[in-house]
Amino acid sequence: RDVDHVLDCLMDSEVNVDRVRPSSILNDTCVKHVVQRSGMKFVWTKLSETREKVNKDATCRAPDPALLRPRPPVVTIMGHVDHGKTTLLDSLRMSQITATEAGGITQHIGAFTVRLASGETMTVLDTPGHAAFSSIRARGASITDIVILVVAADDGVMEQTVESIRHARNAGVPMIVAVNKCDKVQADPERVKRELLSHDVVCEEFGGDIQAVHVSALKGEGLVELTEAVVALAEVLELKAEHEGAMEGAVIESRTDKGKGPVSTALVQRGALQRGAVLVSGRTWAKVRFMFDESGSTLDRAEPSQAVQICGWRELPSAGESILEVETEQRAREVLSYRLYLDDQQRQSEEQKTVSANQEAHQTQYRLQRAELAHLSWRQRKNALYQKNKEVFNTRAKERDSEEGSPRLGIIIKGDVDGSVETLLNVLDSYDAQDQCELNLIHFGTGDVSETDVNLAHTFSGSVYGFNVSVPRPVQQMALKKGVPIKLQSVIYKLIEELKEELSQKLPSET
Ligand code: GDP
């Protein structure tokens, strides 16, 4: 009787038959019967699962102006390819080895410190190219205080120079120009500065406030002047942070080290990081077992603007993710459980969105059918609708897969941080669909490839493209089972190449 009653309700109210929530008239068992009897597909949320979970996330602590003390600047080097970014990073790093006579091999941990004879320091992030854009814009907050824009004096302002300027501006990060390769005979530093004018980069000698330093990264000339320029700008910026209390920071780099296992480099932004601290980042946590600096020495404590490699992560956090210190391991688990709960909520609402879009179309169809059947008796109408509805549901899956018309490529974009996703979306925007394969952007976002992504891709017969993200094993297996292609890249242009390749494969071959 219950089942009949439910069917009556469904027919009369035009409820969305593929999303029914148990309510006073629809309990779980009842809905299951309907599913079995009608052959319809239902998705429903158990009431018990929708209970609000109390917010147990970790939060940044309130600022205490009394404890603010100056901190060193954090610098990123940007500029056109071949203009000398890597060489400049190397020579800045080398200048340290000789200056401190550490003599050891500096390890690549994602950042290093440059010290002036006066004792002032700067922290240089050494993630090159696009990854640098991303880390600048990590999680919307900038982890970089100053951009060193490298422009080769023999080549001048080029495409990526302009792009770098734009990125620095968007992130609200001030610049210093390093006019590089000044040792070359063809070098024309004055031309570089004139060219920069047309991009609103006005150097001091033209009355602006942007410092330009002539350097030769290759010969190590001008490096002290460059560092001094950075320190001077940092003073103007009045960079400050609390040097005590719980640590807050960001992940600059994460990887599995041959000797140390899973390690990530954290940039301390507030507070003091000490051995034994419990940290949460994204969906993982750590009890800090060891900390290392770039020369491989172990540390017991790290202060704001210092970058340290941390051992002790349960799973590796992603670059760009923020880090917060919590009181206990118990608290870390609580925070993670809350964050996973939020993910789940989000996944459900995303699913709901896709379902709703489909439903809207089907409801219109349903109403039209009703109008068609208006002359029938109430019971005849109900039966006809019931039959029709069943057909709709049985054929829906097929419809979706075999949509005729121009070839379509459904894609899902996942990137490590907003910056990279944005870059990819910009490229997609410029894709011209005329006479070609239609591009259907199903979904985009930051973070690792999730089950939702795979499900969505499966539903729309699409592929998942990931930039600098990973795919958890269960998701990999799921994609394999469902035949959903996942393409991962850590170089943006390669990802774009792959995408173009796939688009052209979808085109009908010319006859
Ligand atoms: P990136 O692509 O910006 O990282 O550029 P690289 O650091 O790889 O440098 C590109 C090329 O320029 C290399 O062959 C370097 O040796 C050369 N180069 C870099 N800096 C200088 C410099 O100051 N003077 C000269 N003569 N060559 C340089």
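Atoms within each ligand, like the ligands themselves, are counted from 1 in listed order.
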Looking at ligand 1, does any of its N/O atoms fall within less than 3.5 Å of an N/O of L88?
->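 No, L88 has no N/O under 3.5 Å of an N/O on ligand 1.
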List every atom of ligand 1 that sits less than 4.0 Å from any heavy atom of [X], numbering the atoms from 1 in the order shown and giving each element.
X	result
K184	26 (N)
H80	3 (O)
D82	1 (P), 2 (O), 3 (O), 5 (O), 10 (C), 12 (O)
V81	2 (O)

What protein heavy atom sits nearest [atom], and how far away is it?
atom	value
atom 4 (O) of ligand 1	T86 OG1, 2.4 Å
atom 13 (C) of ligand 1	T87 OG1, 4.6 Å
atom 24 (N) of ligand 1	D183 OD1, 2.7 Å
atom 11 (C) of ligand 1	K181 NZ, 3.9 Å

Should D448 and R283 count as an ion pair when the cut-off is N to O under 4.0 Å?
->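 Salt bridge between D448 and R283, a charged N being under 4.0 Å from a carboxylate O: no.
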Between D126 and K85, is there a salt bridge with N-O shorter than 4.0 Å?
->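 No, no charged N to carboxylate O under 4.0 Å.
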Does ligand 1 have an atom under 4.0 Å from some heavy atom of K219?
->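 For ligand 1, residue contact (heavy atoms, under 4.0 Å) with K219 is absent.
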Closest candidate by heavy atom, reference atom 20 (N) of ligand 1, pool N180, L89, D90, I77 |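 The nearest heavy atom belongs to N180.
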Examine the side chains of R314 and T284 and answer whether a donor and an acceptor come within less than 3.5 Å of each other.
->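 Side-chain D/A pair, R314 to T284: absent.
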